[in-house]
Amino acid sequence: MNRPTLRGLFLDALYQVLDNLGFRILFCLFLVPVLLSFVVSFRETSIAFFWCWEWDYAEFLRSATASSGLDAAARAEMLANVRESLLQGLVDVVIEWGADRFGLVFGIAAISFFVPQMLEKGAADVIFSKPVSRSSLFLSRYIGGLLFVGILSAFLVGGITLGLVTSSGWFDSGLLWSVLALMYGFAIFHAISCTIGVFTRNTIGAILLTLVFMPINCGLHLGWENLVTLEQAVAGREASAEEPQSGAFEFLKTGLTAYHVVAPKTGDAMRMARTWRRSLETQPEFQDSELGLVVAQAPREFRREPRSSFAREGLAWLAAHPDGAGEASWTLRSQALQDTGPRSALVKKQRKELGTDPVRSDISGRYADRFEWVEDRGGEKRLRRRWILQVGDRIVTLDYDAESTWARADERETAATAFLAGISIESEELRHMGAVSYERKFGWGGPWQFNAWFSLGTTLAFVAVVLALGLWKLRRIDF
Amino acid sequence: MSAQESIVSVRDVTKVYGGGLFGRGGFRALDGVSLEVGRGQVFGLLGPNGAGKTTLVKILLGLARRSGGDARIFGQPVGDPRARTRVGYLPEGHRFPGYLTGVQMLELFGQMCGRDRHYLRRRIPELLEQVGMRDSAHRKIREYSKGMTQRIGLAQAMVHEPELVILDEPTDGVDPVGRAAVRALVQGLKDRGTTVFINSHLLQEVELVCDRVVIMARGKILREGSIAELTPRSGRYRFEVAPCVELTLARLVGELGSNFEPATGGFEVQLSDAELDACVDRLRAGGISIRGITARRMNLEQAFIQLVNKEAR
């Protein structure tokens, strides 16, 4: 195919997309979140609408947590996360629900006519009499659909990113990755829609059959993922008590596995985007998969002591005093419950030793007892803080130890709040399921069932086979 | 006609629709059709509905696959897209992309035929002028009337200056003035040496513009030849004579032939060859001065109907 032909086909696809009513409707719908991202600004302490009406996060949190009994420190920790949570939540709603689900379905419905319309009597005579092969024309319609969703996704995601950067100073690379994920999912379903369009030569048929395929495909993959997770979870818990599986179960498992291998794995699009993103982004300061504990960043101005160990004496972050006198530390430690005794006993012992009551605190949504006292160490007054919490059968303690005048009180508080906000701990249930879940195991180097290359390869092969089937049929049509 | 001059070459082409397993049964739309179209000819393909004309055209353009035989355009097999680079086509019952304007469509189809932007920037305005669509060129095609669509369709068939233009019912939906314009366009193409292949029901149009005609019925070629070859003399003659009394003429000629009809400046009568000589002798003997004798021919429509009816019997 020569250059003018390529240019012509590209422009034809573009004109067709721009003239499409579905495209215009989606464009208008997508314009709403884009505009909102410019006029709603998520500031450090408040949300501002149209740069004039402000709504304080603290005010909102106070009223929302009035009956929960949280102390000021816990509220402050929550407050530090509010902005991030709100932004992340909104982006998830817009991208995962708005674009990935609604946008995908609407997009398929809007462009399923591309191929059947090309094959209508009269239209086909004109277009297929030109010196362009049927495969080129078919692929140009397929690419036209990708252009459709590409323009819309770029507009939605690019617009929201730009809006959030300019109005809120917030940037999340995950947003940009979602464009690839959306395109990937759409490319699969659009290929199916195009091929159905060739076989049925009917727009309604192409739309309905594609829309029926979408939930069935997702459901069968989800069924397989859950089956695998369940099977591994059970095998882990009852390794010794293995029972032979029933014939029906084996049949179901074989069927679902075969389907999973052959069919397009659209749900992996976001997972692949996430793994790519993770591989390119900065890794967290520390993570322990056994506890599901992640420390996003080191405390401000502190450096991790390389010889320290989480499993032994504890992970330590140290900072020297600016004038060289003394040093401050944060220590994160994990001990087995059988060594420490129950958390309540530990707290009781601590209370007795220090002569002070703990205050209720919160780390990553978990209950924690926080002690605060001043220790006289050889004439030096040191501010000490200790958080005690239980994670499964482990007791996790976090200690802060610094000269009482080491930093200004407000700076110290802000730094501590930010450090604590960056600590996340998964729930036991999630951790247990997660350890064996498809989501957790999915990656670029895992076994074939959870391997991203396998998923990508088999999905692209499926798309290629589907398109080849459409082309095979198209070549056999007598107009 | 030598093989080198042949633009379209069809040899023993058959087309069977809906053949079952192993090709048995089905409807035979073309049954061993063979024809040649020479360079620079205006070629007419005629036939009643279901004769297989459109099927033949679609096979030539790669829109349908032949079941047997060989068909070539410019010496290349018809399925090859490259063979269509030098062909322009206006289909019957066409549907052009409504989302494009006239100019955009001409650009698209021009580019699909391998023409670049510089060429099209020069070519499209002159073509729009030629088909009388200059003022509506920037309107969406879905807003065009039937006649306008037909005219823009003619333009798209000619946008890349093809060497062969295939027109399927080119005057369909076009008013009489437009028809004359189409005829002029075809004449213009012929003058430039372009080969034109016309598939039409309007026999008068074909008669006016075609050099060579093929008449098809039931998937077979019935007759092929020039207009003169296809329209035999009817045996009726028109005599132009010096002014005289009508009764005298009737008396002299009437008993010789049949269907004597007086006409302005003479008369018309049905005569055999022998009767024609006798008629001339009688008129001259009667002192009537003969100014001219014209042998009347069948028009194409009459010849077509006669041929098709004969085939049907």
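Chain identifiers are assigned alphabetically (A, B, ...) following the order of the sequence lines, protein sequences preceding nucleic acid strands; residue numbering begins at 1 within each chain.
Ranked by heavy-atom pairs under 4.5 Å with chain A, the first of B:Leu108, B:Asp116, B:Leu61 is B:Leu108. In terms of heavy-atom pairs under 4.5 Å with chain A, the best-connected choice from B:Gln156, B:His94, B:Arg117 is B:Arg117. Between chain A and the residues B:Arg86, B:Glu92, B:Gln104, the most heavy-atom pairs under 4.5 angstrom are made by B:Gln104. Contact tally against chain A (heavy-atom pairs below 4.5 Å) for B:Met105, B:His160, B:Arg142, B:Glu107: the top residue is B:Arg142.
Using a 4.5 Å heavy-atom cut-off against chain B, the contacting residues of residues 466-479 of chain A are A:Arg475, A:Arg476, A:Ile477, A:Asp478, A:Phe479. Residues of residues 134-144 of chain A having a heavy atom under 4.5 Å from any heavy atom of chain B, listed by number: A:Arg134, A:Leu137, A:Arg141. Inspection of non-hydrogen atoms places A:Glu120, A:Lys121, A:Gly122, A:Ala123, A:Ala124, A:Asp125, A:Val126, A:Ile127 of residues 114-127 of chain A under 4.5 Å from chain B. Along residues 185-206 of chain A, no residue comes nearer than 4.5 angstrom to chain B, judged on non-hydrogen atoms.
What you find for B:Gly114 and A:Pro4 is that their closest heavy atoms are O-CG, 4.0 Å. Here the closest non-hydrogen pair linking B:Met112 and A:Pro131 is O-CG, 3.5 Å.
Residue contact with chain A, scored on non-hydrogen atoms closer than 4.5 Å, involves the backbone and the side chain of B:Leu63 alike. Only the side chain of B:Pro91 comes within contact range of chain A, judged by heavy atoms closer than 4.5 Å. Within the 4.5 angstrom heavy-atom criterion, only backbone atoms of B:Arg115 (N, CA, C, O) approach chain A.
A donor and an acceptor atom, one from each side chain of B:Tyr99 and A:Asp12, are located under 3.5 Å apart.
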